Amino acid sequence: MGRFLNKVLNIETVYTFNDLILLPGKAEVEPKEIELKTKVSKNRWINLPFVSSPMDTVTGSDLAVALAREGGIGILHRNCSVEEQVEMARKVKRAESTIIRDVIVVKPDTTVSEAIEIMNSYDIHGLPVVENGRKLVGIVTWRDVRYSDRQLKIKDVMTPRERLIVATTEVSIDEAKRLMQKHKVEKLPIVNNKWELKGLITIKDLELRGQYPMASRDEEGRLLVGAAISPFDLERAKKLEKYVDILVVDVAHFHNENVIRATKKLVKEVSAEVIAGNLGTKEAVLETLTRIEDIAGLRVGMGSGSICTTGVVTKVAAPTLYATLQAAEALDELGLHGEIPIIADGGIKNTGDIALALAMGASAAMMGNLFAGTKESPGRLIAIQGKYYKEYYGMGSARARSKRANLDRYSKPSKDIDEGVEGWVPYRGTVKDVVKELTGGLQASMGYVGAKNIPELWEKARFGYIPPNGSQEIRPHDILIPKGGTN
Ligand code: XMP
C-alpha cells in the first residue's frame with residue numbers, strides 16, 4: 001500500500017462540540033449541590049471553571065474584576081503597551097484585598113491639590129502620609145482635603161500620628177474590623193514596631209469579602225488574575241509577574257521550536273506560574289511537558305473560536321474538544337492528569353459545550369464570545385434595530401492586527417493573512433448574569449450525568465455520537481418559535 005493511501009486509510013475522526021452528547025447516569029445529589037471548584041493552574045484554584053479569553057474586546061480590568069468576584073478568572077489581553085497591561089493588572093489586584101500591600105502614599109510636603117489628583121486617579125479616598133521612605137506620620141482622607149485650600153501642604157490637614165488608629169502586622173481580620181468599628185475609622189494602617197508602613201486594611205475591602213463569597217482570591221484576599229504574554233517578550237513578563245497570578249503564553253501554535261525554546265527560558269526567569277498554549281495534539285503536549293519543566297497548565301484548541309478563520313484559511317485545526325482529548329491522553333500517559341489543568345479554549349457556545357469539554361478531561365473552559373457580550377467587556381455597545389450588541393473581533397483579524405502589539409500571535413512578519421473576523425455579539429447583561437446562567441446550566445448537565453464534581457465527571461462521563469441528521473432531534477423542532485427565540 002502506498003504511503004499516501006495509507007494516510008487516507010488512517011484518517012482520524014475529529015469530534016467537535018456539535019457531534020457529541022453526554023449520556024445520562026445515576027444522580028446522587030441535586031444540581032445545586034454540585035461543586036464546580038477547579039484548578040486553573042498547578043497551584044491555583046478557582047471556584048467556577050470559567051476563564052475569559054485574552055482579547056481586547058473581552059478581558060480588560062473591569063471584566064477581570066467582575067469575573068474573579070463571581071468565582072472565575074480573567075486573562076488580561078496584551079494588545080496594548082506593557083504599561084497599559086501592567087496598569088490593568090494593578091487595578092484588578094487593587095480592587096479588593098484583606099491587606100493592601102501596594103499602598104499609595106503621599107509625603108507631608110505634598111500639596112492638597114496633588115493629593116486630590118492622586119485620589120481621583122486611583123479612585124481612593126484615603127492616603128497614608130509617610131516620610132523617609134515608609135515611616136508613617138499621618139493619614140489624609142477625602143474629608144480632610146475636600147474643602148481645604150489647594151495650596152496647603154498635607155502635613156497641615158492630615159490626622160497626625162498621635163491621633164492615628166493603627167494595628168501591627170499580627171492583627172487578625174476580626175480584630176481589625178473591631179478596631180475600625182470602635183474608632184469609627186474606615187482605614188487602618190498596618191505598621192511594624194518602627195512605625196514603618198506595612199499595609200492598609202480598609203472597611204470597604206472587608207465588606208466586599210462578604211459581598212462576594214465565591215470570589216477567586218489569592219492569599220492576601222486579592223482577586224486572582226492572569227495575563228497573556230508573548231514568549232519572546234521577557235521584559236513584559238517580568239513587569240507583569242508582580243501583579244498577576246498566572247502568565248499565559250499566548251501564541252496561536254505553541255508546538256513550534258522557537259516558541260518552546262523561548263518559553264523554556266522564560267519559565268526559569270519568572271516566579272508566576274506559566275500556562276502554555278495553544279496546543280492541539282498529544283505529541284505537542286508530550287513535547288511541551290517533557291522539554292519544559294514547571295509548565296503549570298495547558299490552553300488547548302486551535303481553530304474553533306467563533307471569530308476564527310484559521311481553519312478556513314489554512315485548513316489546519318485542532319478543534320477544542322479534539323485538542324482537549326489529545327491533551328488529556330498525554331497527561332494521563334505522564335501520570336499528570338488532574339495535576340496540570342487543561343483549559344479548553346474556543347468555540348464554546350453554551351453550557352452544554354462546557355460540560356462536554358470538562359467531561360473530556362478539561363479543568364476549565366475559556367470563552368471569548370460569551371464574555372464579549374457582557375457589560376464589563378471593553379468593546380463598544382451599539383444598538384441595531386432596537387437590539388443591543390457589543391463589538392467582538394478575533395486577535396488575528398485585520399482590526400486587531402492593526403494594533404501592532406499583537407503582531408506575534410497571528411502575524412509573524414512572514415504571515416500576511418488575516419486569521420480572524422470582526423463583528424458584533426448580542427449584549428448579554430452583566431458578567432454576574434452570564435456566570436449565573438453558565439453555572440446553573442453546567443450543574444444541570446453534571447446532574448444528569450450523575451457527577452458531584454469535576455473529577456467525578458472525568459470518571460463518570462460517557463459520550464454519544466450524534467450523526468449529522470440526528471442533531472435536529474435534540475434541539476427544538478416541529479414548532480414555530482417567535483423571532484428571537486432559540487432554534
Ligand atoms: P470563542 O469561540 O469563545 O473563542 O469566541 C475565543 C478563542 O478564539 C481564539 N482566537 C482566535 N483564533 N483567529 C483564531 O484562529 C483569531 O483571530 C482569534 N482570536 C481569538 C482564542 O484562542 C480565544 O480564546
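Order of listing sets the numbers, starting from 1, for every ligand and every atom in it. Start at 1 with the first residue, then count along the sequence. Keep in mind that what you see is a predicted model, and the values were worked out from it rather than measured.
- Contacts between M302 and ligand 1, counted as non-hydrogen atom pairs separated by less than 4.0 Å, are absent for every part of the residue.
- The structure places OG of S53 at 7.5 Å from CD1 of I307, a figure rounded to the nearest 0.5 Å.
- Under the 4.0 angstrom criterion for non-hydrogen atoms, Y392 is in contact with ligand 1.
- Residue-to-ligand polar distances keep G305 apart from ligand 1: every N/O pair is separated by 3.5 Å or more.
- A salt bridge is defined here as a Lys NZ or Arg NE, NH1 or NH2 lying under 4.0 Å from an Asp or Glu carboxylate O, and R299 with D250 meets this definition.
- Remark: E96 CD to E220 CD distance equals 13.5 Å, nearest 0.5 Å.
- Within ligand 1, counting atoms from 1 as listed, the ones closer than 4.0 Å to a heavy atom of S397 are 17 (O).
- The contact set between ligand 1 and D345, taken as ligand atoms under 4.0 Å from a residue heavy atom, comprises 7 (C), 21 (C), 22 (O), 23 (C), 24 (O).
- Two residues are said to be in side-chain contact when any heavy atoms from C-beta on lie closer than 4.5 Å; L325 and K282 fail this criterion.
- Between T320 atom OG1 and N278 atom CG the span is 8.0 Å, to the nearest 0.5 Å.
- Distance check, rounded to the nearest 0.5 Å: CG of L240 to CZ of R90 gives 12.5 Å.
- Of all atoms in ligand 1, numbered sequentially from 1 with element shown, those under 4.0 Å from a heavy atom of M55 are 19 (N), 20 (C), 23 (C).
- Checked by distance only, ligand 1 and S53 come closer than 3.5 Å through their nitrogen or oxygen atoms.
- Of all atoms in ligand 1, listed by their number and element, those nearer than 4.0 Å to a heavy atom of M367 are 3 (O).
- Put simply, part of R299 is less than 4.0 Å from ligand 1, judged by heavy atoms.
- Below 4.0 Å from some heavy atom of N278 lie the following atoms of ligand 1, by number and element: 22 (O).
- Of the candidates G347, G303, G368, G368 brings a heavy atom nearest to atom 3 (O) of ligand 1.
- Near I307, with a cut-off below 4.0 Å to any heavy atom, the atoms of ligand 1 are 8 (O), 10 (N), 11 (C), 18 (C), 19 (N), 20 (C).
- Remark: ligand 1 atoms within the under-4.0 Å shell around heavy atoms of S306 are 1 (P), 2 (O), 4 (O), 5 (O).
- Interatomic distance, L67 CG to I73 CD1, rounded to the nearest 0.5 Å: 8.0 Å.
- T439 contributes a side-chain N or O that, together with a main-chain N or O of V435, makes up a donor-acceptor pair within less than 3.5 Å.
- Which parts of ligand 1 touch E419 is read off a 4.0 Å heavy-atom cut-off, strictly below it: atoms 13 (N), 14 (C), 15 (O), 16 (C), 17 (O).
- Other residues, nucleotides and ligands contribute over 12 non-hydrogen atoms within 6.0 Å of the CG atom of L9.
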